[in-house]
Amino acid sequence: MSQKPQGYHLTELPAEPSAVPGCAKCLSLVNARQNARSTGDYSAVSDCNVGLREHHAEAH
Ligand SMILES: [Zn+2]
């Protein structure tokens, strides 16, 4: 019998995009994300992650 444990949920955060070394755009987005996190502005944090993913898709 294999049953999934009840009440199981992910505690792991989804992987966040990280800066590509030497890319100023990545760096500025990652800096903005860090600032947003330090002020507790998590909607801005996720905006930065979205921006990073889009930028990664376009530029890297
Ligand atoms: Zn970049």
Side-chain angles (χ1 to χ4, degrees):
M1 281 205 344
S2 67
Q3 223 175 358
K4 281 185 181 173
Q6 277 207 333
Y8 173 81
H9 69 103
L10 281 171
T11 52
E12 219 174 291
L13 291 171
E16 291 189 323
S18 54
V20 172
C23 177
K25 176 84 176 170
C26 283
L27 200 62
S28 77
L29 283 165
V30 166
N31 280 338
R33 185 178 67 192
Q34 271 181 345
N35 284 337
R37 185 174 282 124
S38 73
T39 59
D41 188 350
Y42 292 107
S43 72
V45 169
S46 71
D47 281 352
C48 290
N49 283 332
V50 169
L52 263 170
R53 288 201 182 92
E54 283 175 359
H55 162 68
H56 278 195
E58 285 169 6
H60 296 293

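Values in this document were obtained by computation on a predicted structure and should not be read as measured data. For ligands, and for the atoms within them, numbers begin at 1 and follow the listed sequence.
Residues satisfying the side chain to side chain contact (heavy atoms under 4.5 Å, CB included) criterion with Val20, sequence neighbours excluded, are Cys23, Cys26, His56, His60.
Closest approach of Leu27 and Ala19 over heavy atoms only: N-CB, 4.3 Å. Smallest separation of non-hydrogen atoms from Leu29 and His55: CD1-CB, 4.2 Å.
For residues 17-32, the set of pairs meeting the side-chain hydrogen bond (donor to acceptor under 3.5 Å, both in side chains) definition, not counting sequence neighbours, is empty. Every pair passing side-chain hydrogen bond (donor to acceptor under 3.5 Å, both in side chains) that includes a residue from residues 36-47 is listed here, sequence neighbours excluded: Glu16-Arg37, Asp41-Ser43.
For the atom pair Asn49 CG and Arg53 CZ, the distance stands at 5.5 Å (nearest 0.5 Å).
Distances under 2.8 Å from the Zn ion (ligand 1) pick out the protein N/O/S atoms Cys23 SG, Cys26 SG, His55 NE2, His60 NE2.
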